[in-house]
Amino acid sequence: MTPPDLWRLSLENLWRTKLRSVLTTLGVVIGIGALVSMVSFGVGMQENVTSEFRENDLFTSMQVLPAKIDVGEIMAGGFEPPQTVKALNDSAVEAIRAIPAVELAFPEIRFPVTVRMMGKEARTSLQAVPAAMGRYKPFSEIPYGSFYASELVPISVDSLIGREVEIVSSTLDLQSAARAFMRSFTAPSRLPLREEVVRLRVVGVRGRLSGFGAARFRGGVIVPIETGAAMPRLGFSDVWDLLDSSEGTQGYGSVYVRTRGMDDITPVREAVEEMGFGVLAVIDELEEIKQTFLIMDALLGAVGTIALIVAALGIINTMVTSILERTREIGVMKAVGGSETDIRWIFFLEAATIGFIGGAFGLALGWAVTRIANVVANHYLRPQGVPEVDLFYMPVWLIAGALVFSVGVSLLAGFYPASRAARVDPVQALRHD
Amino acid sequence: MTPFVLTRDLCKTYQKGTVPIPVLQGVSLEVAKGEYVSVVGRSGSGKSTLLNLLGGLDTATSGRIVVGDSDVTSMSRQDLAVHRRSTVGMIFQSFNLIPSRTALENITLALAFGGYPRSDRRRRASELLSSVGLEHRLSHTPGELSGGEAQRVAIARALANAPDVLLADEPTGNLDSKTAEEIVGLLVALNSERGLTVVMVSHDEATAREVSHRVFRLLDGRVIDELSGRADG
């Protein structure tokens, strides 16, 4: 028999037992649907996080620290302060800027502030960023107003833009600190902090930060670097400041370095480390992040696979039943010249057809589930201030892979029934009753 | 006489649990091309087993079968399938048509196994059905056919791939005497008009002697007698 004949025969057989074929296929539909939506969720998470990293230029940037440190060691709790710490001061920043392929390097200045405006106030953090960063994400896309074009804050007119805000930072009030120290034995005291007020003008309002937490520039207020550096504040507000203060030298807690491209990260980091500084680059963690997502995908996939295994058992069950019913028919096919190979293929193709159709509809189901889940999830996330996000992602490899997997599993499920059908003894099958 | 179908010391033993049950115990017979022979005997004498072995549905325990130029006993399972589809055609007491397929489709299935091009199958199948007098029953399923009509469809199917030998296992066992006569008449006509070699298994010795050239009588898996039949041929 030719392959098209065998396939036609399988389709006829499936069509003859419509209800059973549909129910069996439905099992595969649900299995593949579960698998696809689960993996699509995992892939979606990964996609969202990596695109977030890309948005924030994390693959072309690094953080320079006063000392070489091992993040893993800190995480493990076995961190010992480094013995020698080099001052990360202006001349160090200049030296870093001089490294080829370094596009930008500036000290990271970040501290908590209170913002007062139109009679309201809010606590947030302030970050000083040079005007040059306006060329790059996320500052290149300011939805309202504009990023400051120079280190001087311009004045513009708009409802919110152009208004004056009061930025209130805190400094240590030595007098009240001394008083507090004296009183602390008798009564609880207020923190010995003094308010320092700086008035600035709003030039632009950035969009909302997404919920995936990869943003490096989380400050609620972004100010030009000179402005930020000049603002009075507490001596340290960053963990890296603690490292720096260990030698008592004047310097910054950390320096942000942006390279021209992703490939420049390695040479630049080597040059910086040569200078005796430590470097943290997100790109290092990318492999680790990828691995984490791989495990997550595998776990999600495993749940879907269980559903598919159940469906495969359904296929085996259906086909074994069908062989019992069709024993005589198989005998007839053998008597008129059907070979074992022919018979095996007929049943194999039945299984493959169930797998293919089940896979195709399963993909459709999986897609529908992800769309509905996305709408529902966003509906609940929106009131919590999380911007609209697509939680699922269905790349081509997932679509093709699901189909191949579905057909593959079905063929595997069809293997035993098909061999059994091929082995039917025609003499037994045709014995008249 | 040069034999077209030949068996030599053919033995078949079934295993029932650990107990061997000998069904054929050294059957040797020869059938010439164009001959109509019958095998008669009581039930359990091994006559159907003999036919299944000739048809390649079953394999012998020992002995030899030659059909045409081919040694059936040394064939692989794939070769046996080829033997079944092209060298022999089989009909059975219970017709063994596929109930879900129409008369025409039962035959096109056999043609498909025989490697007939798809475009030719329906035409060939309806010709075959016409040749057995069923041109008006093409799209009926076996359930809608009488016993005689069903057996005619089975005969047409057996002839689909132009076999050299027709093997008939009690072809009239499920039919009333009038229909039985018609079916046997059809087999005789196929034998005498087309020169088709026919081996028929029957328990009706009288009819067998009437229509066959020779009749082998089987008892307990052995040929105990060879009787002469009709005079022509």
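Side-chain atoms are counted along with the backbone in the values below, which use heavy atoms only and exclude waters and symmetry mates. Below, chains carry the letters A, B, ... as their sequence lines are ordered, and counting in each starts from 1.
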(request) Against chain A, work out which of B/L57, B/D58, B/N96 has the most heavy-atom pairs shorter than 4.5 Å and name it. (result) B/N96

(message) Among residues at least two apart in sequence or on other chains, which ones pass side chain to side chain contact (heavy atoms under 4.5 Å, CB included) with B/L104?
(response) B/T102, B/R122, B/A125, B/S126, B/L129, B/L138

(request) State whether the side chain of A/K334 and the backbone N or O of A/A422 hold a donor-acceptor pair below 3.5 Å, judged by distance alone. (result) yes

(message) Check this for me, if you would: do A/R423 and A/E340 make a salt bridge, where the nitrogen-to-carboxylate-oxygen distance has to be below 4.0 angstrom?
(response) no

(request) May I ask you to check whether over 12 heavy atoms, not counting those of A/F356, lie within 6.0 Å of atom CZ? (result) no

In a table with atom names and distances, give each donor-acceptor pair under 3.5 Å that connects a side chain of residues 65-73 of chain B to protein atoms at least two apart or in another chain.
from, atom 1, to, atom 2, distance (Å)
B/D71, OD1, B/T73, N, 3.0
B/D71, OD1, B/T73, OG1, 2.4
B/D71, OD2, B/R64, NE, 3.4
B/T73, OG1, B/I65, N, 3.3

(message) Counting only non-hydrogen atoms closer than 4.5 Å, can you tell me which residues of residues 78-89 of chain B sit against chain A?
(response) B/Q78, B/A81, B/R84, B/R85

(message) If the contact rule is any heavy atom under 4.5 Å from chain B, which residues of residues 3-18 of chain A qualify, in numerical order?
(response) A/D5, A/R8, A/L9, A/E12, A/R16

(request) Kindly say whether A/A402 contributes a backbone atom to a donor-acceptor pair with the side chain of A/S406 at under 3.5 angstrom? (result) no

(message) Quick check on the interface: out of A/A429, A/G331, A/P426, who has the most heavy-atom pairs with chain B under 4.5 Å?
(response) A/P426

(message) Under a 3.5 Å distance rule, please check whether B/S131 uses its side chain to pair with a backbone N or O of B/L128 as donor and acceptor.
(response) yes

(message) Test your reading of the model: is there a side-chain donor-acceptor pair from B/Q151 to the backbone of B/F92, 3.5 Å cut-off?
(response) yes

(message) Shorter than 4.5 Å, heavy atoms on both sides: which option in A/E329, A/M1, A/M333, A/R326 has the most such pairs with chain B?
(response) A/M1

(message) So does A/D390 get a backbone contact from the side chain of A/N374, meaning a donor-acceptor N/O pair under 3.5 Å?
(response) no

(message) Let me confirm one number: the NZ-CD1 distance from B/K12 to B/I21, rounded to the nearest 0.5 Å.
(response) 12.0 Å

(message) Between B/E149 and B/L134 (side chain of the first, backbone of the second, donor and acceptor by atom type, cut-off under 3.5 Å), is there such a pair?
(response) no

